Amino acid sequence: MSTAQQIQDALAAVSDRETAKNSQRFFKTGKGQYGAGDVFAGVRVPDIRRIAKDFADLSPADLNDLLDSPVHEHRFAALIVMVSQFTRASAVQARDEAERDRLAEFYLSAMRRGRINNWDLVDCSAEYILGEYLFDKPRDQLLRLARSGVVWQRRIAIISTFAFIKHGDASTTLEVAEVLLEDKHDLIQKAVGWMLREVGKRVDRELLVDFLKVHAKRMPRVTMSYATEHFEHTDRVYYRSL
C-alpha cells in the first residue's frame with residue numbers, strides 16, 4: 001500500500017531549486033499576492049503526473065496528509081490521484097456511486113479547508129471531479145460557490161462547468177458566468193472568458209453571441225478578450241468596443 005511519505009520522497013527526488021524559484025514567481029507567492037505563502041519544491045507538472053500514476057491506491061488519510069502539506073506539488077499530486085480514483089469509480093462498466101459520492105464530498109471538504117488554493121490546483125481537478133459528479137445532479141451548489149468570498153471557490157464554480165460543456169450542455173456555464181460577470185479578480189475574469197469561449201467553440205456559437213449581446217457592456221475587457229478569441233477580427237473589434 002502506497003503512503004503519503006513515499007510520494008513525497010518520489011517528488012523530492014526530481015525536485016529542482018531553480019524550478020522552485022521560478023514557480024514562486026509564476027504563482028505569485030509574494031506578500032499580498034494571490035498565492036502568498038505557498039511553498040514550492042520545484043517539480044515540473046509532467047513529473048508530478050508521472051509519479052502520481054504510481055500512487056493511485058492512496059488512502060483518504062494519506063491524501064489528506066498531502067492536501068494539508070504546505071508544499072504545492074504535494075497538493076497537486078493528491079488532486080491528480082483523486083481525479084484518477086474518481087475516473088475509475090465512474091467507469092461505465094463498473095460505476096461505483098458510493099465511491100463517487102465519497103470522493104466528491106472529500107474534494108469539497110478539501111476546498112472548504114482551503115487546500116485547493118491556486119488556479120492550477122483548481123484547473124487540474126474541478127471539472128474532472130466536481131463537474132463530472134454534478135452533471136446528472138442538481139447544480140445549485142455551483143451558483144452558491146460562485147457567490148463565495150473565496151476566489152478559489154469561485155474559480156471552482158466556473159471551471160467545474162467545463163465538464164458540462166464537454167457533454168454539450170452550456171446552460172450552467174452561462175448561469176455561473178452571469179453571476180461572476182463583474183468579479184474584480186483577474187483569475188476569475190480570465191476563467192469566465194475561457195469558459196464562454198469554450199461554449200462558442202464546443203456547444204453553440206449562437207449561445208455565446210446571444211450572451212455577449214446582452215452582457216457585453218458589463219464584461220471586463222479581459223473576459224471579453226478571452227471569450228471572443230476565436231471570432232473574426234471585425235467581430236472581436238465590435239464586441240470589445242462595447
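The structure presented is a predicted model; accordingly, all values stated were derived computationally and were not measured. By convention here, the first residue in the shown sequence is residue 1. Worth knowing before you read on, the calculation uses all heavy atoms, side chains too, and leaves out hydrogens, waters and symmetry mates.
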Does the [X] side chain pair with the main chain of [Y], one donor and one acceptor, at a distance under 3.5 Å?
X      : Y      : result
Ser160 : Ala157 : no
His167 : Asp169 : no
Arg25  : Gly30  : no

Thr173: which of Val199, Val192, Leu142, Leu208 passes side-chain contact (heavy atoms from CB on, under 4.5 Å): Val199
Phe27 and Phe40 aromatic ring geometry - parallel, tilted or perpendicular at 30°/60° bounds: parallel
Check this for me: does any side-chain nitrogen of one of [X] and [Y] sit under 4.0 Å from a carboxylate oxygen of the other?
X      : Y      : value
Glu127 : Lys166 : yes
Lys28  : Asp38  : no
Lys213 : Glu206 : no
Lys190 : Asp186 : yes
Arg113 : Asp68  : yes

Contact summary for [X] and [Y], nearest pair of heavy atoms:
X     : Y     : value
Ala41 : Glu73 : N-OE1, 2.9 Å
Ala52 : Ile80 : CB-CG2, 3.6 Å
Leu58 : Ala4  : CD2-N, 4.0 Å
Ile48 : Phe76 : CG2-CD2, 3.7 Å

With rounding to the nearest 0.5 angstrom, report the [atom1] to [atom2] distance, [X] to [Y].
X      : Y      : atom1 : atom2 : value
Phe106 : Glu99  : CZ    : CD    : 10.5 Å
Met111 : Leu145 : CE    : CG    : 4.5 Å
Leu181 : Met219 : CG    : CE    : 5.5 Å
Tyr133 : Leu103 : OH    : CG    : 10.0 Å

Test side-chain hydrogen bond (donor to acceptor under 3.5 Å, both in side chains) applied to Asp62 and Thr3, step by step: CA-CA 6 Å; Asp62 284 305; Thr3 67; 5.2 Å; no
Pair Asn118, Tyr34: side-chain N/O donor-acceptor within cut-off below 3.5 Å: no
Asn117-Arg75 side chain donor-acceptor pair, cut-off 3.5 Å: yes
Close side-chain approach of Glu175 and Thr172, heavy atoms under 4.5 Å: yes
